[in-house]
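Report on one structure; see the data block that follows.
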Amino acid sequence: MTMSDAEIALEIKIKKAYRAFNRRVKTDEDALDVIYKKLKKLHRIGCQCGCTDVVRKKGARSFVCSDCKEETHFTVGTVYEGKVRIRAMLGAIHLSERNLPVTSSKLSKLFKIGYGTAHNILLNQGILINKSMPSSALALTGKGLQSIIFRRSSETPIRRHPVAEQEEVEKELFETTASTNESSKGSNKDTDSTNELELNLTDDQKRVLKALSETSQSVDDLCIITELPAGAVSSALVFLHLDNLVDELPGGRYTRKAPVKQSSMASRFAQNLEALNISLNAFIAFIELTSKGVSRKCLQLYLSQFWYHLDKTFWQKGALSLLYLNNPSPSPMAVRNYVSPNLLRLPAFSL
Ligand SMILES: [Zn+2]
């Protein structure tokens, strides 16, 4: 396979960055030293007894308190806890933080580790980054991404092309939408989602909500209509507000929130669509440059990687390395069984 100029340029940069990393971190013990130093800088090294005067042998995973002689494993609570390939994990972060995305096979060759281990390291990274995604991220179905889905996964239907995974998802999404439309045909109200929420309301909350028309009411008005004491009305309002069912207006008046209509959702979607199209084209180019093709199963994690590499307002230098120190590792089961959701997510950011 011939490589494009961009691919060759990336390859050279990765090798150069690897050599720089390798000069500093040659072994897993060196990697533990780096992590220890980082934690120390963050004032996170200390014994449970309160003593910060500790003794640690170079390359060790633990330190010993000079006062009570207790031994503490300092990787506990970080992603590195219980992990063996610390150097490769650190190396993957080193490359990512220099904006050099690597594939599992690249990581496996560079760090002389098995392909499975390398794949796991990158899955872990993807899951961690994905967890940091703001709730405002845009939802997408994966339509338009068929061209880059050509890796098999455990989710790929037998004897079919990997893109069949995406086709199955679209079919499922279409069926869900169709059945939702079908069920809302029966009722002439478009408050399906609101009704669903109402099921979890207390009797007081239901009475208050019923009393609230779309013209505003004061707590006193509501007390009269519902025949509830002011305390009960106020407390019901707090919960209804949390459930996003009522709006508080100036002057202590309340109004019932208009249900979100399908049409306003559609227009919001259309507004995002243009921004999204630009991002998706960039994402396809990113995949073509870095890993050629992906599986539908891992698509969300690649979207996360893409977001990480481009949104430098969110992902400032050092943020990824800090994420590893501040979070426990996703469980091996969660990593092994990871499957991208039907509706994928990508935060809006400017390229
Ligand atoms: Zn101690």
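In each ligand, atom 1 is the first atom listed, and ligand 1 is the first ligand listed. In what follows, every heavy atom counts, from backbone to side chain, and hydrogens, waters and symmetry copies are set aside.
- Geometrically, Arg85 does not engage Phe111 in a cation-pi contact, judged by NZ or CZ lying under 6.0 Å from the ring centre and within 45° of the ring axis.
- Looking at Ser218 and Asp221, their side chains do bring a donor and an acceptor atom within 3.5 Å of each other.
- Using a 30° and 60° split on the angle between ring planes, Phe21 and Tyr18 fall in the tilted class, from 30° to 60°.
- Among protein atoms, those of element N, O or S found less than 2.8 Å away from the Zn ion (ligand 1) are Cys47 SG, Cys49 SG, Cys65 SG, Cys68 SG.
- Partners of Thr313 by side-chain contact (heavy atoms from CB on, under 4.5 Å), not counting sequence neighbours, listed by chain and number: Asp311.
- In this structure a side-chain-to-backbone donor-acceptor pair under 3.5 Å is present from Ser340 to Arg296.
- For the residue pair Gln305/Gln125, the side-chain donor-acceptor check at 3.5 Å is satisfied.
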